[in-house]
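Just so it is clear, the model here is predicted, and its values are computed rather than measured.
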Amino acid sequence: VVENTITVTAYDIDNLSTPETLKVYRESKKGEIWAAVIGINQYKDSKLNLKYARNDAEAFADYLKMNMGLDSNHIFELYDEKATMKEIKSVLGKKLRQKASKPEDTVYIFFAGHGAPEEASSAPDEDKVRKYILSYDADPEELYATAIKMDDIAEIFNDINAERIIFIIDSCYSGAGGGSRPPILTQRSRALLSDDFLNRLAQGKGRVILTSSNPNEVSKESDELKHGFFTYYLLEGLKGKADINDDKIIDIDEISFYLNKVVPDKTNGEQHPVKKSVAEGQVVIGRVR
């Protein structure tokens with residue numbers, strides 16, 4: 001229940017006034033927060049194994065529990081061998097859709113793992129590249145048959161009734177070495193997520209997409225931090241470093257500003273996070289304890 005105080009002042013012909021204060025109460029619909037968190041270090045194809053993707057995902061899940069108050073009934077966690085194509089699609093396309101059934105709900109989707117592009121003349125984006133996320137059981141030589149198309153994620157967005165969806169993707173690419181995560185690319189392919197695709201994915205009320213780097217960069221990770229640079233500083237910002245106005249609330253503009261200041265600095269200008277959103281009003285993404 002939200003309380004509003006209204007003061008009305010009446011004047012007579014002698015300009016004498018009489019104020020009257022009224023309290024008006026209205027029911028405020030309060031939504032719930034739901035989340036799916038996915039992180040994959042160990043793949044069925046061991047050549048794809050990563051170092052810190054699961055660390056990133058587990059740390060983000062811990063943040064949602066500690067700072068946003070999510071319990072086990074409100075968060076789905078899939079790590080390593082549990083993050084099969086079937087389970088990811090079941091969580092995103094069925095379980096999360098059924099839970100987040102009210103427009104006033106908020107949904108977080110966090111993915112840390114491999115991403116891969118594949119040239120396709122039928123792809124709707126200007127780069128003519130079809131984008132995928134790789135589940136635990138994906139085969140990089142058979143992407144269409146074994147990986148999850150990002151267009152499927154876009155369809156899932158459209159099927160979820162919640163008007164606020166926050167999708168965070170720290171794509172960790174194959175061939176990780178020397179502290180970086182090179183993408184699975186042919187010589188003629190571009191990076192995983194094009195601007196055109198991100199714009200299309202973010203269409204709709206309250207849709208926010210945060211990605212770890214721009215389309216022509218690789219996502220870097222740190223043996224010292226034991227995380228990807230993006231997720232490490234995302235969490236640092238959400239825990240307070242991004243709270244510009246000290247109101248204990250982190251909105252999407254604050255975290256985007258913080259990430260675009262600190263991540264390029266920490267990666268020697270080699271990585272620039274990207275935000276795409278179509279949202280009305282302030283979009284709160286985090287809370288400072």
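- Two rings, from Phe167 and Phe157, have their centers less than 6.0 Å apart.
- Summarising the geometry of Gly286 relative to Leu238, their closest heavy-atom pair is CA-CD2, 4.2 Å, with the distance given to 0.1 Å.
- Contact of the Leu50 side chain with the His114 side chain is registered, since non-hydrogen atoms from C-beta on lie closer than 4.5 Å.
- Salt-bridge annotation for Glu270 and Lys220: present, with a side-chain N of the basic residue lying under 4.0 Å from a carboxylate O of the acidic one.
- The aromatic rings of Tyr232 and His227 sit tilted, their planes meeting at an angle between 30° and 60°.
- Proximity of a side-chain donor or acceptor of Ser256 to a complementary backbone N or O of Ile252 within less than 3.5 Å is not detected.
- Residue Ile249 is tested with Asp243, Val284, Val288 for a side chain to side chain contact (heavy atoms under 4.5 Å, CB included); the sole match is Val284.
- Taking the ring axis of Tyr233 as reference, the NZ or CZ atom of Lys241 does not stay both within 45° of it and closer than 6.0 Å to the ring centre.
- Under the 4.0 Å criterion applied to side-chain N and carboxylate O atoms, Arg164 and Asp105 are not assigned as salt-bridge partners.
- In this structure, Glu58 CD and Tyr52 OH are separated by 14.0 Å, a value rounded to the nearest 0.5 Å.
- Smallest separation of non-hydrogen atoms from Thr106 and Ala162: N-CB, 4.5 Å.
- Atom NZ of Lys149 sits in a crowded spot, with more than 12 heavy atoms from other residues, nucleotides or ligands closer than 6.0 Å.
- A salt bridge between Lys86 and Asp137 is absent, with no side-chain N of the basic residue lying under 4.0 Å from a carboxylate O of the acidic one.
- Side chain of Glu254 to backbone of Asp251: a donor-acceptor contact under 3.5 angstrom is found.
- Surrounding NZ of Lys275 are more than 12 heavy atoms belonging to other residues, nucleotides or ligands, all under 6.0 Å away.
- Although no hydrogens or angles enter the test, the distance criterion places a donor-acceptor pair under 3.5 Å between the side chain of Asp80 and the main chain of Asn41.
- Judged by distance alone, with hydrogens and angles left aside, the side-chain atoms of Lys226 form a donor-acceptor pair with the main-chain N or O of Asp223 at under 3.5 Å.
- One finds a salt bridge joining Lys89 and Asp152 here, because a Lys/Arg side-chain nitrogen approaches an Asp/Glu carboxylate oxygen to under 4.0 Å.
- The 12-atom threshold is exceeded at NZ of Lys102, counting heavy atoms of other residues, nucleotides or ligands nearer than 6.0 Å.
- Among all heavy-atom pairs drawn from Ala57 and Val37, the shortest one is O-CG1, 3.2 Å.
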Where do Leu92 and Ile109 land on the side chain to side chain contact (heavy atoms under 4.5 Å, CB included) test, with the steps shown first? CA-CA 8 Å; Leu92 298 183; Ile109 300 172; 4.1 Å; yes
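- Annotation: Tyr136 is not in aromatic contact with Tyr43 [ring centroid separation under 6.0 Å not met].
- Under the 4.5 Å side-chain criterion, counting only non-hydrogen atoms from C-beta, Leu134 is not in contact with Ile40.
- Of the possible donor and acceptor atoms, one in the side chain of Asp56 sits under 3.5 Å from a partner among the backbone N and O of Gly228.
- The residues Arg54 and Glu77 are annotated as not salt-bridged, no charged nitrogen and carboxylate oxygen being separated by less than 4.0 angstrom.
- Across Leu259, Thr211, Asn214, a single residue satisfies side chain to side chain contact (heavy atoms under 4.5 Å, CB included) together with His272, and that is Asn214.
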Given the rule in the side chain to side chain contact (heavy atoms under 4.5 Å, CB included) test, do Ile166 and Val107 qualify, once you have shown the distances and angles that lead to the verdict? CA-CA 6 Å; Ile166 299 164; Val107 171; over 6 Å; no
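- Between the side chains of Asn161 and Ser101, no donor-acceptor pair is found at a separation under 3.5 Å.
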